[in-house]
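Just below is one structure, and these are the notes that go with it.
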Amino acid sequence: MTEKTEAMTRERVTGRPRLLIPQTAGFVYCPGCHEPLVARAIAEALEEMGMGDETIGVFDIGCNSFLLGMLDIDSVLTPHGRPPDMATAIKHVYPDNIVFTVQGDGGLLAIGADPLLGVLTRAEKITIMMLNNAVYGTTGGQMAPTSLVGQKTTTTPEGRDAIKSGFPIHAAEMIATFKGTAYSARGAVNNPYNYERTREYIKVAFGKQMSKAGFSFIEILVACPPNWHLSPIDSLKWMEEKMIPEFPLGEFKNVDKIE
Amino acid sequence: MGERMFIEGNEAIARGATVADCQAFFGYPITPQNEITQWFAREFPKMGRIFVQTQSELGSINMLYGAAATGIRAMTSSSSPGWSLMQETMSDMANAELPCVVIDVQRGGPGGGPIRHAQQDYFQCTRGGGHGDYRNIVLAPASAQECCDLTQLAFYLADKYRNPVVVISDAIIGRLRETIEVKKIDFGPMPDKDWAVTGKGRHKDGKRRVVEHAGDLFARYPSYQALLLNLDQKIKRMQESELRYEGYKTEDAELILVAYGYTARVSKEAVNMARTEGIKAGLIRLITAWPFPYEVLRQKASQGSRFLAVEDSLGQLVDDVRVAVESHTEVGLVNILDRHMPTDGGMILPDKILAKIEVMK
Ligand SMILES: Cc1ncc(C[n+]2csc(CCOP(=O)(O)OP(=O)(O)O)c2C)c(N)n1
Ligand code: SF4
Ligand SMILES: [Mg+2]
C-alpha cells in the first residue's frame with residue numbers, strides 16, 4: 001500500500017500517522033502544550049503527499065526541537081536561530097526534496113532574524129514553520145518578539161510596556177510583503193477545525209517547493225500553559241480571546257510564481 | 001602533471017578546493033579574502049557546483065553545517081572578524097562530527113583592526129575557537145603552492161576524522177602571486193558517509209538519519225561522558241598522526257626559530273643571513289599550527305638549543321614554544337612591535353630577526 005492510500009484509509013481521529021514516532025521513553029512536552037500537535041499535522045501532511053522519504057526537517061534549539069524526535073524523517077538540529085541557513089544549504093544540495101524548518105518565535109524573529117532576512121532576500125525555495133507561543137518557552141517564559149502588549153513574562157514582570165519594549169511582530173503579514181515569498185499563512189491547532197486548516201496550509205506550503213514557486217512560510221499559534229501561567233483549559237480561552245485577535249488566522253499570500 | 005599557473009595564494013586555495021571535489025562554497029565579503037569568494041562566485045556555477053553569497057559569516061558557517069550534514073565536501077572562507085562570528089557553530093560541528101573546511105585569511109586586530117596582514121588568530125584557531133572541549137587540525141600554508149595543496153589535505157583530514165579543519169593563512173600569503181602546479185593529490189577513496197542526511201529514500205536501510213550537536217540528547221551517545229571520551233580520543237589520534245612541520249638547518253642549530261605563514265618565509269631568510277655570519281641558526285616551520293611539535297622542540301631543548309619565536313602578533317605562538325621547552329632553555333620573541341614601520345603596512349623583515357639572533361647567539 002502506498003503512503004498515500006494508507007493515509008487515506010487510516011482513521012483520522014484514533015489512528016497514528018506512520019511518520020509519527022511513538023514516544024516510548026516518556027513524553028517531553030508539558031500538559032496542554034500545542035507543539036506536539038504540529039508534529040502530527042506535519043506527519044499527516046507528508047503522508048498524504050507521499051513525501052516522507054523525500055523530506056528533510058531542520059529543527060531549532062527550543063521546545064520545538066523535540067519535534068525532531070517525533071517525526072520519522074531525515075533531520076538536522078541546528079544552533080539556536082540558524083535553521084534557515086542549514087535549510088538553504090540542504091535545499092541547494094537536494095533541490096527536489098522538501099526542506100522545511102521548525103522554529104520558535106524567539107528562534108526565528110529575535111536571534112534568527114539574520115538568517116530569516118537572508119532567505120527572504122534570496123527567495124530560497126524552502127518552508128519555514130514558526131511556532132508562536134508569545135514567549136521563550138524553553139528558557140522559562142521570557143518576553144519574545146511576539147509577546148502581547150501587557151503580557152506578563154519573566155522579563156516583563158509588570159507586563160510588556162509598548163513604549164519601553166515595543167509591539168509584537170506579525171510575522172506572517174510581514175513575510176507576505178516580500179516579493180520572493182510565494183506563500184504565507186497563519187494557523188492554529190487549538191480546535192479540530194483550525195488543526196485541519198493548518199495541515200492544509202502545510203500541504204500548500206510544501207507544494208510551493210515541489211513547483212519551485214518560491215519561499216513559503218507558516219506561523220502556527222501554540223499554547224504554552226506553564227509560561228502563560230494558565231491551566232491548559234484557560235490557555236485555550238486565552239488563545240481565543242487574546243492570541244487570535246492579535247494574530248488573525250488565514251492566508252496572507254498565495255501565488256504560483258514570484259515576480 | 002597538473003596545470004601550471006601564476007596565481008595568488010587566495011586563488012590557489014580555491015583551485016585546491018576545486019580539485020579536492022569541494023561541491024559548495026558559502027561566503028560573505030571581507031578583505032583580505034574577497035578573491036576566494038569571488039573566484040567561487042565566478043567559477044562554481046559554470047561547473048554546476050553550489051555558490052551562495054551569505055547574509056553574514058553566521059550565515060556562511062551555518063550553511064556550511066547544513067551542506068556538511070548532507071555529506072558533500074563544502075567550504076567557507078573569511079578573515080578575522082568573520083572567523084570570530086563563526087565560533088559557536090565551529091563548536092557545534094565538532095560535537096556533530098561534521099567534516100568541513102574553513103579558511104581564515106588573517107588580518108589585524110583586536111576589534112575592527114586594520115584590514116591588512118597580521119597573525120593574531122593563532123590562539124583562536126589552535127584552541128578550537130568556540131566554547132567547550134574540542135580541537136581542529138590547523139594547516140598553515142606559507143606559499144601559493146601550499147595554499148593549493150594544504151587545502152586538498154584539509155578536505156581529506158576533515159573526512160578522515162569527521163571534524164572541521166581550519167586553514168590559517170594571512171593577507172601576505174593570500175595576495176602573494178607565485179607559479180604553482182595545480183595537481184589533484186590522491187589520498188585514496190573518500191570514506192562512505194552513511195550518516196549523512198539525504199532524505200530517507202536515499203538510504204539503503206530505509207532508516208532515518210539525524211545530524212545533531214547535542215550529543216546525548218537524541219541517543220547518539222549513551223551518555224555525556226561517552227561523547228567526551230570520543231572527542232578526547234579523536235583529539236589524541238589527531239595529535240599522534242597529523243603533526244607536520246618543516247625543519248630547516250636544524251641538525252646542528254644552537255638557536256632555532258619557530259614560525260608559520262609569512263613570518264616563516266622571512267625567518268628562513270634570516271637563518272640564511274645568520275649562517276653567512278657563522279651563526280648556527282635553524283628554523284622549525286609549522287605546517288600544522290595544531291597539532292604543535294612539542295616533542296620535537298623538547299628534544300632539541302634537551303640537546304641545548306635555544307628558541308626564537310617569530311610571529312606577527314604580540315605573542316601567542318611563543319606560549320606554545322615555552323610550554324614545549326618547559327623553562328629548560330631561553331625563548332626569545334620577535335613580534336608585531338618589531339615591524340619595520342609602525343603603520344598597518346609594517347612587516348616583520350629579516351634584518352630585525354637577524355638583529356635578535358645576534359643578541360641571542
Ligand atoms: C546562542 C544561544 N543563545 C541562547 C540559547 C538559550 N535558548 C535555548 S532555547 C531559547 C529560546 C527558545 O524560545 P523560542 O525560540 O520561542 O522557542 P520555544 O521554546 O518557545 O518553543 C533560548 C534563548 C541558546 N541555546 N543558544
Ligand atoms: S514550556 Fe511551553 S512550549 Fe515548552 S513544552 Fe512546555 S508548554 Fe510547550
Ligand atoms: Mg516561543
Side-chain angles (χ1 to χ4, degrees), chain A residues 3 18-19 21 24-25 28 46 50-61 65-99 101 111-122 124 126, chain B residues 23-26 28 44 49-72 74 76 85-93 95-96 98 100 130-131 195-203 206-215 217-220:
Chain A
E3 256 177 34
R18 216 159 39 79
L19 291 175
I21 302 169
T24 48
V28 288
L46 283 176
M51 287 299 289
D53 282 356
E54 271 68 58
T55 299
I56 299 172
V58 183
F59 298 85
D60 199 5
I61 296 286
S65 67
F66 292 110
L67 261 60
L68 183 153
M70 300 184 70
L71 289 168
D72 188 15
I73 55 172
D74 269 17
S75 299
V76 178
L77 178 74
T78 82
H80 189 30
R82 312 313 303 186
D85 289 332
M86 276 67 175
T88 294
I90 294 167
K91 186 71 179 179
H92 280 260
V93 177
Y94 292 118
D96 297 329
N97 285 35
I98 291 177
V99 182
T101 78
I111 195 168
D114 155 292
L116 170 62
L117 207 50
V119 297
L120 290 170
T121 310
R122 295 186 307 268
E124 300 290 353
I126 61 168
Chain B
Q23 291 294 328
F25 178 88
F26 308 97
Y28 184 81
F44 257 27
R49 303 193 195 183
I50 298 163
F51 168 82
V52 180
Q53 178 172 334
T54 65
Q55 75 283 356
S56 70
E57 290 85 352
L58 287 165
S60 305
I61 196 74
N62 286 288
M63 287 183 206
L64 185 61
Y65 182 123
T70 69
I72 63 162
T76 183
L85 273 181
M86 295 180 180
Q87 297 313 320
E88 182 202 12
T89 304
M90 286 298 288
S91 165
D92 289 322
M93 289 197 289
N95 184 318
L98 287 177
C100 65
H131 59 288
W195 47 265
V197 164
T198 60
K200 240 169 51 176
R202 290 190 176 87
H203 304 309
K207 292 209 176 89
R208 76 186 297 227
R209 301 289 187 276
V210 175
V211 168
E212 49 83 18
H213 56 89
L217 192 57
F218 297 100
R220 176 158 49 102

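Here is how names work: the chains are called A, B, and so on, in the same order as the sequence lines, proteins then strands, and each is numbered from 1.
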So what's closer than 4.5 Å to chain A heavy atoms on [X]: side chain, backbone, both or neither?
{"X": "B:T198", "value": "both"}
{"X": "B:Q23", "value": "neither"}
{"X": "B:A68", "value": "neither"}
{"X": "B:A69", "value": "side chain"}
{"X": "B:V52", "value": "side chain"}
{"X": "B:I72", "value": "side chain"}

Can you tell if the side chain of [X] reaches within under 4.5 Å of the side chain of [Y], non-hydrogen atoms only?
{"X": "A:L77", "Y": "B:V211", "value": "no"}
{"X": "A:M86", "Y": "B:L64", "value": "no"}
{"X": "A:D85", "Y": "B:Y65", "value": "no"}
{"X": "A:P79", "Y": "B:N62", "value": "yes"}
{"X": "A:H80", "Y": "B:D92", "value": "no"}
{"X": "A:F59", "Y": "B:E212", "value": "no"}

Options [options], ranked by heavy-atom pairs under 4.5 Å with chain A, top entry:
{"options": "B:R202, B:R49, B:E88, B:R208", "result": "B:R208"}
{"options": "B:M63, B:Q53, B:K207", "result": "B:M63"}
{"options": "B:G206, B:G201, B:A196, B:S91", "result": "B:G201"}

| message | Out of A:T55, A:T121, A:T78, return the one with the most heavy atom pairs under 4.5 angstrom to chain B. | response | A:T78
Side chain from CB out, backbone as N, CA, C, O: work out which of these in [X] comes under 4.5 Å of a heavy atom of chain B, or both, or neither.
{"X": "A:S75", "answer": "both"}
{"X": "A:L116", "answer": "neither"}
{"X": "A:L117", "answer": "neither"}
{"X": "A:I90", "answer": "both"}

| query | When you look at A:D53 and B:H203, which way does the side chain to side chain donor-acceptor pair (under 3.5 Å) test go after all the steps? | reply | CA-CA 9 Å; A:D53 282 356; B:H203 304 309; over 6 Å; no
| query | Between A:R82 and B:T89, is any side-chain donor less than 3.5 angstrom from a side-chain acceptor? | reply | no
| query | Do the side-chain N and O atoms of A:R122 and B:Q55 include a donor-acceptor pair separated by under 3.5 angstrom? | reply | yes
| said: Under a 4.0 Å threshold between the charged nitrogen and the carboxylate oxygen, would A:D72 count as salt-bridged to B:K200? | reply: yes
| Which heavy atom of B:A67 sits nearest a heavy atom of A:A89, and at what distance? |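 Looks like N-CB, 3.5 Å.
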| query | Roughly how far apart are B:F26 CZ and A:H92 NE2, rounded to 0.5 Å? | reply | 7.5 Å
| said: Under a 3.5 Å distance rule, please check whether A:D74 uses its side chain to pair with a backbone N or O of B:R209 as donor and acceptor. | reply: yes
